[in-house]
Structures are given as structure tokens and as C-alpha cells.
Amino acid sequence: MRVVFLGTPEFGVPSLKALVNAGYEVAGVFTQPDKPKGRGNKMLPSPVKSCAMALGIPVFQPVKIRVDGVNDLRDLRPDLCVTAAFGQILSQEILDIPRIGTVNVHSSLLPKYRGSAPINWAIMEGETVTGVTTMMTDKGLDTGNILLKREVAILPGETAEELTARLAPIGAELLIETIRGLEAGTVRRVKQDENEASYFPMLKKEMGEIDWRLSAHQIVCRVRGLTPWPGSTFTWGGGEAVKVWKAEEAENLGKVPGEILCADAKNGLVIAAGEGAVRVIELQAPGGKRMNAKDYLRGHPVSYTEVELTEEKHG
RNA sequence: CGCGGGGUAGAGCAGUUCGGUAGCUCGUCGGGCUCAUAACCCGGAGGUCGAGGGUUCAAGUCCCUCCCCCGCAA
């Protein structure tokens, strides 16, 4: 069985490796073009590209696969295409190329949390269970027929970064199971229930600005869900934006949202929310590195009494 | 050459402008107070100031070279 793999970030790497380990012939890998990244704007390959090259698999990096990648894909004559966080929309022309079809590994329990950031949104919405779904890709956005699903519990306090790392290998496992099932004819294609469906948008940087009028629970969930990108920030003093890496719910002593309840090395940093209060455990000041809030306060005495409320930004 | 910040005691920082005894908060160790304590008081230990070279009577501080870390932007 000739397979072509399409993926970009770290999430897809375990799936690609699993395909190879399971003995499938991976004829080619499509991934997003290298982009200037990091300090000095060096060009960096995507994690999937690095992996593919290490495995000696030909790599293709069309800017828009549905425009300049069609011929390359067709030449590979795939029996099956597999996508895992590829980052580009596939056209019907692309979907028609593989003989069997295109299987997508999606990190939510479809039809819930369609969209490009399902892990982040599930955490932000306060879910305690999510999972991975394999589906036959169709022209809609995560609307294709469902093949297999696996539930995974979201651990208390878990961040999107941690959950993504946990879900990636589970997705890889499910992918192999799915393909074997397709080959054996034991996997059914189940239409998605549109009444159960939900779609959540791409993440935007502004979503990280903390609205202190929300409840402490909501704020903490958002902080977890937006880690590591775009991260959650609040503003105090002379417009200094502080990034919150880790936070937990705390008691509010009847103060108004945004009021700083304490900010010193002994008691840590606690800020009043709309309901309850938020204890900032780990933070990062502009130009600084990520550190424990108490460590930060040791060298940076804080005289402010409140932080800016800002407004929740929806997608 | 995309823009910028930084490396000083176990942790977080000040000191560098204008060279002249190595400081602060915390931790740690010892002692004291207390029914008790993460609280308070007293005392101590702990630093080749990222590396190398240069200037100087004298360099954390000035000059040159190098290494490492981090933020923004994507």
C-alpha cells in the first residue's frame, strides 16, 4: 500500500513514524514550506520535514498544495493519503487522487471541536474529556465520515502543550488501527451528527489578553488552553505585559476584578477575578525568561494595586 | 547581517553612566523568642562578577574577541 503523508507540526511526527514502522510504503511527505523562525530569522524546517528527511522520504513543500502540489501528488500514485495537522485545505481535485481516499487524524472527539485548534479549545471550554478521531476527509472542514474514535481524559491542570504531546502518539496508534481496519473491511464509515457538531476558530494572539471579569475558573482554563501559544497576558504598571504560564484558582476576599490581592515573595501573586481569584504561579515579564512568580517578585518589587481588565476577544 | 534584553552567592535582582572595600530580597546554617510557627530578633557561611586578552597604580565597571541564555516578530 502506497501512502502519502501530509503534516506539519510535532503532532504529526508520531503518525508518520508509525506508518513507516507498520510497514507501509510512504512514497512522499507534504509539509508546509520552511519559514524564517526564531532568533536571527533562520529558516527552519517543520518537525514533519525533519523526520521525513531522517527517514529518507521525499519531501514536497507546495505553498498551496491545491495549486502547485497537484501534479507532484498525482505522480506519487498513492493508494491512500494521510493528514495530521497539515495546515492547508485540500481541494476536491486533491481528494480524488488517492485510490482509497484521505484519512485525517483529528485531535478531538468529532463532531465536537472541529477546526484547527481542537486541543486548545477543549481545555479552554473546561472539558475534562477529549480524544482523537480518524475520519475520511471530505471537502468540508472536519466534516467527513468518522472511522475510529478514542477518548482521552484531560488531566487536572494540564496545558494544551502537554495534552498535545500525549495525544500525538495516541493518534498515531489509532491511525494504524484505522488503516488496518480499512484494509480488512472491518471499519465502518459513520456520518457525523450535525446536531452534535461544534466548530472553534483558529487561535489569535489577542485571545491571550486576560479579561479579569471572567470567573477564576474560566481564566485558568484559558491560560492552560492557550499554552504555549499565544499564551495569556495581563497588563500592569506602565503598560508592561506579563505572560502567565501557570495559574490556579484562589480565594477572593470581596475585591473587584483586576485588583491585586497580594504581590510579594512570601505570598506570591494573586489577582481578583469576576468570581474568585487567580494565583499566578509561573510568569514571564517582557524581555525576561519564564520563572516562578515568587522568584520574580524577589527581584522585582511590585507597587501596583491593580491590573488592566481588558476585554475577552473572541475569534 | 530582522529588532531587542541579559549572564554578579543556591534563587530573583541592584551596582556598570562618572573605574577606588561585593550589595538587596529570599533561601541555607547556627543561636534566641514563643504553647507553637512558613512569623519575629541576633549571628554566620557562601561569589574565579559567562570566557580570554588589553588599558590602568587600581576593572563587575573602560576597549577588543569569543561562548551561552532569553524576548519580539512569524
Side-chain angles (χ1 to χ4, degrees), chain A residues 6-13 30-51 59-65 67-69 84-89 115-117 119-120 159-161 164 201-210 223 225-251 253 260-271 277-305 307-308 310 313 315:
Chain A
L6 304 86
T8 300
E10 204 61 48
F11 179 81
V13 173
F30 282 70
T31 191
Q32 296 271 33
D34 293 3
K35 282 180 187 164
K37 204 178 175 184
R39 232 158 283 137
N41 275 344
K42 297 184 196 74
M43 294 297 269
L44 280 185
S46 73
V48 163
K49 177 181 178 181
S50 301
C51 179
V59 173
F60 301 85
Q61 299 179 279
V63 175
K64 261 195 176 182
I65 189 170
V67 177
D68 56 341
F86 176 46
Q88 291 192 28
I89 309 260
S116 58
I119 300 173
N120 306 272
T159 64
E161 185 176 29
T164 300
M202 266 195 321
L203 299 181
K204 286 190 186 139
K205 180 153 188 154
E206 313 85 73
M207 292 176 183
E209 296 167 10
I210 297 172
V223 168
L226 295 174
T227 299
W229 195 89
S232 298
T233 59
F234 66 82
T235 306
W236 64 8
E240 199 180 55
V242 178
K243 186 180 245 179
V244 179
W245 282 99
K246 202 179 247 182
E248 66 183 16
E249 294 175 49
E251 291 280 312
L253 307 170
I260 298 174
L261 303 181
C262 64
D264 58 80
K266 279 191 187 66
N267 302 307
L269 177 59
V270 180
I271 299 167
V278 174
R279 170 178 295 278
V280 177
I281 298 171
E282 224 172 74
L283 58 74
Q284 183 167 24
K289 58 181 174 186
R290 166 181 182 171
M291 69 177 78
N292 191 285
K294 290 183 182 180
D295 287 343
Y296 176 82
L297 292 167
R298 226 164 258 133
H300 301 84
V302 168
S303 57
Y304 322 126
T305 58
V307 300
E308 288 177 21
T310 69
K313 307 276 200 304

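Letters go in sequence order (proteins before strands), and every chain restarts at 1.
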Which pairs would a plain distance check flag for residues 33-42 of chain A, meaning a side-chain donor or acceptor within less than 3.5 Å of a matching protein atom at least two apart in sequence or in another chain?
unit_1: D34(A); atom_1: OD1; unit_2: K49(A); atom_2: NZ; d: 3.3
unit_1: D34(A); atom_1: OD1; unit_2: Q61(A); atom_2: NE2; d: 2.7
unit_1: D34(A); atom_1: OD2; unit_2: K49(A); atom_2: NZ; d: 3.0
unit_1: K42(A); atom_1: NZ; unit_2: R39(A); atom_2: O; d: 3.2

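Taking atom C1' in both rG12(B) and rU48(B), the straight-line distance is 22 Å, to the nearest Å. Comparing rG71(B) with rA51(B), their P atoms sit 24 Å apart, to the nearest whole Å. The same atom, C1', is picked in rG46(B) and in rU8(B); the two are 14 Å apart, to the nearest Å. Rounded to the nearest Å, the gap between the C1' atom of rG44(B) and that of rG27(B) is 14 Å. The P atoms of rG53(B) and rA59(B) are separated by 13 Å, rounded to the nearest whole Å. Going from the C1' atom of rG6(B) to that of rA45(B) covers 29 Å, rounded to whole Å. When the P atom is compared between rC68(B) and rG60(B), the two are found 25 Å apart, to the nearest whole Å. Distance noted for atom C1' between rC69(B) and rG23(B): 24 Å (whole Å).
Checked against T233(A) for a side chain to side chain contact (heavy atoms under 4.5 Å, CB included), the options K243(A), E206(A), Q284(A) give a single hit: K243(A). When R290(A), K294(A), K246(A) are each tested for a side chain to side chain donor-acceptor pair (under 3.5 Å) with E282(A), only one passes: R290(A).
Of the possible donor and acceptor atoms, one in the side chain of T31(A) sits under 3.5 Å from a partner among the backbone N and O of G7(A). Side chain of T235(A) to main chain of E240(A): no donor-acceptor pair is present (N/O by atom type, distance under 3.5 Å, no hydrogens or angles). Judged purely by atom type and a 3.5 angstrom limit, Q88(A) uses its side chain to pair as donor or acceptor with the backbone of V63(A).
Counting any heavy atom pair closer than 4.0 Å across all strands shown, R290(A) reaches no nucleic acid atom. Residue K42(A) is classed as having no contact, given no heavy-atom separation below 4.0 Å to the nucleic acid. Residue-level contact check: K294(A) touches neither bases nor backbone, having no heavy atom under 4.0 Å from any strand.
Along RNA chain B, the nucleotide closest to A265(A) and the one closest to P286(A) are compared, and the more 5′ of them pairs with A265(A).
Across all strands shown, rU16(B) has no partner, as no Watson-Crick or G-U wobble contact with both distances under 3.5 Å is found. The pairing partner recorded for rG2(B) is rC72(B), the criterion being a Watson-Crick or G-U wobble arrangement whose two distances lie under 3.5 angstrom. Nucleotide rG10(B) is matched to rC26(B) when pairs are restricted to Watson-Crick or G-U wobble geometry with both distances under 3.5 angstrom.
Taking the 5' to 3' direction, RNA chain B first and last meets chain A under 4.0 angstrom from a heavy atom at rG2(B) to rA74(B).
Side chains of K204(A) and P230(A) form no contact here, defined as non-hydrogen atoms less than 4.5 Å apart.
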